[in-house]
Amino acid sequence: MSWTPNSWREFPIKQQPVYKNHAMLKSVEAELSSYPPLIFAAEARTLKEKLAMAGRGEAFLLQGGDCAESFADFNAPNIKNFLRLMLQMNMILMYSAGKPVIKVGRIAGQFAKPRSGDFEEIAGISLPSYRGDIINSIEFTTEAREPDASRMLKAYNQSAATLNLIRAFLRGGLADLSRVHQWNLEFIKDNSLGKKYDELSSKIDSAMKFMSACGIDSAVMPQLHQTMLYTSHEALLLNYEEALTRKDTDTDEWYDCSSHMIWIGDRTRGLSDAHIEYFRGIGNPIGCKVGPSMNPDELIELIHVLNPKNEEGKLNLIVRMGASKIAEYFPPLLQKVKESGLNVVWSCDPMHGNVEKSSSGYKTRDFDNILSEVKQFFVIHKSMGTVPAGIHLEMTGNDVTECTGSQSCAITSDDLSSRYHTQCDPRLNASQALELAFMLGDIV
Ligand code: PEP
Ligand code: CO
């Protein structure tokens, strides 16, 4: 079956905006197609090799970031706080698991959102749903909710600037292991987790001093001084992805150069739908969400379509069942894939199956359910002799109150209103994310 970057247009497609201004859409697509790629295909291949290691249990995948990036929250402190949190979690996991950690951000392109309904109703007024800043605006007015193709250009520019700052920070010294203490964020320094992290940093400091005395320091070992964060997002808006799809001159393969890795959401993974068609043709490592409605035969077919050469590290299956469903729905899928001998990298998204409405009216997730899903994911793999290769989280380096619970900050339903800033789903704040990382460190 032939494939081109635009062959998806011949297939049914879900969760898309309806642009009224076609001329503007065409001109935006043409402009984006002429822009430079945001990533280099060889980087995507390196990530694939690293994910292959994770699939064999030799490394661990830590993927996380905003549910939805926003134009309004685009600034250096937000990016820096997120990186500091990623670096802290990386340290905790590396130190306890003794494995390399592959850091992948939901960042520099995570703008398009699938929604449960096409319309949102407030006080008897019905307007098109907010679909992410790359499509429309969150304010509840007719003008704001109208899809605007020029937002794709703004998303591209924001992604480019975000990626630029990430590369600058991580290569320019922020990730230097002599700075582990400084990654602690101001608002958690004094709580129990900040202190626990500080103790770990002191151990790393001692190890660094010892190594330096042996002649090994960041002057001779660049790994001690810099690191890499790969980018990822849900490639939902295919007009944008197609425009950034480029042929790699080294291999003659097509890559989606909007991001190192992209994934397909649980609502758009239909086997005969446009998203599967687009994804099957690109060389990037790709993810696919796997929710409770997936059945084992469908999953096997999907793996064949998305990873026809059965490459290691190519396909990350991101399981998101919910704490109360994973024990029933996940084992039959895992069993079937294990028997098939197909190569996949399993990770756990303990966020999207655990959304609930709090008594105070906010969309939230309870930390206990998140922990429970993660633990069950590991136990199920252990009983099956398969590899739990990673974790996929919605989190922020900021001090928000969006998910309830956790020992370190014990957020209650009534606390949610205090700093509920997400554009879409509730994220773990930095304390909650560190608490999860410490728990993970004990079981990875
Ligand atoms: C997401 O990752 O933000 C998302 C919408 O997930 P899912 O497709 O699993 O619902
Ligand atoms: Co989400």
Side-chain angles (χ1 to χ4, degrees), residues 13-17 61-70 73 82 104-118 120 129-135 138 155 231-238 241 259 261-271 273-276 278-279 286-294 298-299 302 306 315-323 325-326 329-330 333 346-357 362-366 369-370 373-374 377 390-396 400 402-403 420-429 432-433:
I13 189 161
K14 297 202 176 87
Q15 296 283 347
Q16 300 300 297
L61 166 64
L62 169 63
Q63 186 167 14
D66 285 325
C67 177
E69 288 176 275
S70 83
D73 293 335
F82 169 69
V104 180
R106 289 174 61 113
I107 198 165
Q110 175 51 22
F111 289 106
K113 299 309 301 171
R115 302 316 307 258
S116 46
D118 286 342
E120 184 182 342
S129 295
Y130 169 62
R131 291 188 176 276
D133 275 5
I134 196 170
I135 291 167
I138 198 163
T231 58
S232 70
H233 62 260
E234 177 175 347
L236 181 65
L237 184 60
L238 293 181
E241 309 302 335
S259 186
M261 172 185 178
I262 52 172
W263 76 84
I264 311 176
D266 197 43
R267 281 163 266 209
T268 49
R269 56 170 173 71
L271 273 166
D273 287 352
H275 287 86
I276 299 289
Y278 174 74
F279 273 74
I286 58 184
C288 184
K289 293 291 194 91
V290 175
S293 65
M294 178 74 91
E298 182 189 8
L299 181 57
L302 188 108
L306 292 177
L315 180 59
N316 170 213
L317 295 179
I318 308 163
V319 180
R320 37 85 82 222
M321 300 289 177
K325 295 194 175 148
I326 185 167
Y329 292 93
F330 181 41
L333 299 173
W346 290 107
S347 68
C348 171
D349 165 359
M351 314 300 295
H352 288 90
N354 291 312
V355 180
E356 58 183 288
K357 196 155 189 171
Y362 286 89
K363 189 173 172 187
T364 190
R365 292 160 169 152
D366 191 64
N369 291 333
I370 293 170
E373 184 161 358
V374 175
F377 178 80
I391 184 99
H392 184 119
L393 302 172
E394 288 186 343
M395 63 190 206
T396 165
V400 300
E402 298 170 6
C403 293
Y420 195 94
H421 297 316
T422 183
Q423 293 277 112
C424 195
D425 289 340
R427 302 160 294 179
L428 296 173
N429 66 26
Q432 292 169 324

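Just follow the structure's listing: the first ligand is 1, and inside any ligand the first atom is 1. Quick caveat, the model's predicted, so the values are computed rather than measured.
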For ligand 1, find each of its N or O atoms that sits under 3.5 Å from a protein N or O atom, and tabulate the pairs with distances to one decimal place.
unit_1   : atom_1 : unit_2 : atom_2 : d
ligand 1 : 2 (O)  : Arg106 : NH1    : 2.9
ligand 1 : 2 (O)  : Arg106 : NH2    : 3.4
ligand 1 : 2 (O)  : Lys289 : NZ     : 2.7
ligand 1 : 2 (O)  : His352 : NE2    : 3.4
ligand 1 : 3 (O)  : Arg106 : NH2    : 2.8
ligand 1 : 3 (O)  : Lys113 : NZ     : 2.7
ligand 1 : 3 (O)  : His352 : NE2    : 3.0
ligand 1 : 3 (O)  : Glu394 : OE2    : 3.1
ligand 1 : 6 (O)  : Lys289 : NZ     : 2.8
ligand 1 : 8 (O)  : Asp266 : N      : 2.8
ligand 1 : 9 (O)  : Lys289 : NZ     : 2.9
ligand 1 : 9 (O)  : Arg320 : NE     : 2.6
ligand 1 : 10 (O) : Arg267 : NH2    : 3.2
ligand 1 : 10 (O) : Arg320 : NH2    : 2.9

Taking N, O or S atoms only and a limit of 2.8 Å, check whether His352 reaches the Co ion (ligand 2).
yes
Could you label the plane-to-plane angle of the Phe377 and Phe330 rings as parallel, tilted or perpendicular, counting under 30° as parallel and over 60° as perpendicular?
parallel
Side chains of Gln423 and Tyr130, donor plus acceptor under 3.5 Å:
yes
Among the N/O/S atoms of Asp425, which is closest to the Co ion (ligand 2)? Give the atom name.
OD2
Between Glu234 and Arg267, is there a salt bridge with N-O shorter than 4.0 Å?
no
Determine whether the aromatic ring centres of residues Trp263 and His233 are separated by less than 6.0 angstrom.
no
Min side-chain heavy-atom separation Arg106-His392 under 4.5 Å:
yes
Atom name in Glu394, limited to N/O/S, at shortest distance from the Co ion (ligand 2)
OE2
Would you sort out whether Lys113 and Cys67 count as a side-chain contact (heavy atoms from CB on, under 4.5 Å), showing the intermediate values?
CA-CA 8 Å; Lys113 299 309 301 171; Cys67 177; 3.4 Å; yes
For Phe82, the ring pair (Phe, Tyr, Trp, His ring centres under 6.0 Å) test, sequence neighbours excluded, returns none
